[in-house]
**Student:** 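This is the structure I want to talk about, given as structure tokens.
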Protein chains: 2
Amino acid sequence: MKTTPYHHGALKEALIAAAEAILRRDGLNALTLRAAAREAGVSHAAPSHHFGDLTGLLTELAASGFQRFGDQLRTARAAADSKRWDGARAYMAFAQENPALFQLMFRSDRLDGSNPIFREARVKALSVLADVHQAPVMQPSLEQLGAMLSGWSLIHGYTLLLLDGRLTPVLGIAPEGTTPENLLEAVLSAADKRRIAPPDGA
Amino acid sequence: MKTTPYHHGALKEALIAAAEAILRRDGLNALTLRAAAREAGVSHAAPSHHFGDLTGLLTELAASGFQRFGDQLRTARAAADSKRWDGARAYMAFAQENPALFQLMFRSDRLDGSNPIFREARVKALSVLADVHQAPVMQPSLEQLGAMLSGWSLIHGYTLLLLDGRLTPVLGIAPEGTTPENLLEAVLSAADKRRIAPPDGA
DNA sequence: GCCTATATCTTTACGCTGTAAAGATACATT
DNA sequence: AATGTATCTTTACAGCGTAAAGATATAGGC
């Protein structure tokens, strides 16, 4: 009767899964090393052997988030037979399905920006956004960078305002039954007229 | 020789100032009730009498941030003799001058959203953004809301990406000497073509 | 002027946290 | 089979939020 074998076998993955469950259920404030250890059924000091400190755990969790985020963005891009790429919708959808995780992924003060796994997952995910409209250029002009960033800034800002509850009053005064997706569509169409025009102006 | 009088006199304000100093100097992780008390030179339990708990302190600090934020946005609007209102620049400028505070102001999981002082300061500040292009309407259309939110989402997203360091690599490949302001200007001009067109499209 | 009520601040205490160090156990390699 | 290494537990300590009780200054009634 070995209810709890001494060696877990895949404790690192189990701890990351436990951490995500806590993050989703109780929020970032409740996500502690000891809570993750309890959730995984190991002693409170076990996580340190796999992640070093709390920042290490959060960073690996964020890395796994960026991996899935990138996958979903790529899937959305592949399925884009509509005239407008709806990566924006995929961006918001991931954030809505994983609100606390998404916010953690962009909180550099709680993450270890030097972690190579995290860095790779992040650039891989975010590069999906960058190479939508143009191949990577060595010496892009300010205009090109501005066009590239305006889309990202727009969807990122909308998403974070939504997660932070800042759009709740707006949705309240919007026409009956307006969803965040509807509102995003309106935001995009308001900002999207320029996409039709050639890159260097009307 | 009463070096430390028992009654401080204006401890609440002193604690908020101390909290802001810590936030600026050491970041949000280091901003604790006890650290604020140390910085203000009082016992570690003194803050609880003025703020209740840590959330209370953070909320009042965020409220004071929103007050100054609103002031600066109003000032920028008043000085807008240029053709394009440069509230976006003021938005980013405040965030750059108070990066940790700005991020705290939009972290609803650390704040008490029911605090009336906080609520009032926030709506007062953010309403400056709303009534730029139109008077408040009772039953706005989705298109009107989309146009209103697209500007806010854009500048908010750009600002947070900048604060989070996500634009650093972009600035690295940008033309020599490009500043965040330059890049913001490019982002705005890329997204601003629509302002000229009538609200319901080309 | 004095006396009491109240507000403000300190002291003490407790459980939780991160983290380090040392001990125990399973695995892996020879 | 023996030994080294990786993995996990136990123990320990300081810092944290927070509650409760004690100390001190202010304020108001007389």
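In what follows, chains carry the letters A, B, and so on, assigned in the order in which the sequence lines appear, proteins first and then strands, with residues in each chain numbered from 1. Heavy-atom basis, side chains included; hydrogens, waters and symmetry copies ignored. These numbers were taken from a predicted model, which means no experiment stands behind them.
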**Student:** Please give, in whole Å, the distance from D/dC16 P to A/Asn29 CG?
**Tutor:** 17 Å

**Student:** With a 4.0 Å cut-off, would you call A/Glu97 and A/Arg68 a salt bridge?
**Tutor:** no

**Student:** Grab the CZ-C1' distance between B/Arg38 and C/dC9 for me, whole Å please.
**Tutor:** 17 Å

**Student:** Output the rounded distance in Å from CD (B/Glu39) to P (D/dG15).
**Tutor:** 17 Å

**Student:** Grab the CG-P distance between B/Asp53 and D/dC16 for me, whole Å please.
**Tutor:** 16 Å

**Student:** Both A/His49 and A/Ala30 contact DNA chain C. Taking the nearest nucleotide for each, which residue is further toward the 5' end?
**Tutor:** A/Ala30

**Student:** Just to be sure I understand the rule, does A/His44 reach a base, reach only the sugar-phosphate, or reach nothing, if contact means heavy atoms closer than 4.0 Å?
**Tutor:** base

**Student:** Quickly work out the B/Ile22 CD1 to D/dC16 C1' distance and round it to whole Å.
**Tutor:** 14 Å

**Student:** From the options D/dT18, C/dG18, D/dC8, select the nucleotide whose nearest atom is closest to the side chain of A/Leu54.
**Tutor:** C/dG18

**Student:** Determine whether a donor-acceptor pair (N or O, by modelled atom type, separation under 3.5 Å) exists between the side chain of A/Thr168 and the backbone of A/Gly165.
**Tutor:** yes

**Student:** Once the angle between the rings of B/Phe106 and B/Tyr91 is folded into 0 to 90°, is it parallel (under 30°), tilted (30 to 60°) or perpendicular (over 60°)?
**Tutor:** tilted

**Student:** Report the nucleotide, chosen from D/dC8, C/dT17, C/dA13, that has the shortest atom-to-atom distance to any side-chain atom of B/Arg34.
**Tutor:** C/dA13

**Student:** Can you tell me how far P of D/dG17 sits from CZ of B/Phe51, to the nearest Å?
**Tutor:** 13 Å

**Student:** Which nucleotide in the set D/dC16, C/dT19, C/dT8 lies at the smallest distance from any side-chain heavy atom of B/His50?
**Tutor:** C/dT8

**Student:** So, B/Asn115 and B/Thr59: side-chain donor and acceptor under 3.5 Å apart, yes or no?
**Tutor:** no

**Student:** Taking the nucleotide of DNA chain D with the nearest heavy atom to each, does B/Ser48 or A/Ala45 sit closer to the 5' end?
**Tutor:** A/Ala45

**Student:** Just checking A/Thr32: base, sugar-phosphate only, or nothing, at a heavy-atom cut-off of under 4.0 Å?
**Tutor:** sugar-phosphate

**Student:** To the nearest angstrom, how far is A/Leu15 atom CG from D/dT7 atom C1'?
**Tutor:** 12 Å

**Student:** D/dG15 P sits how many Å from B/Asp26 CG, rounded?
**Tutor:** 15 Å

**Student:** Can you tell me how the ring of A/Phe69 sits relative to the ring of A/Phe102, calling it parallel under 30°, perpendicular over 60° and tilted otherwise?
**Tutor:** perpendicular

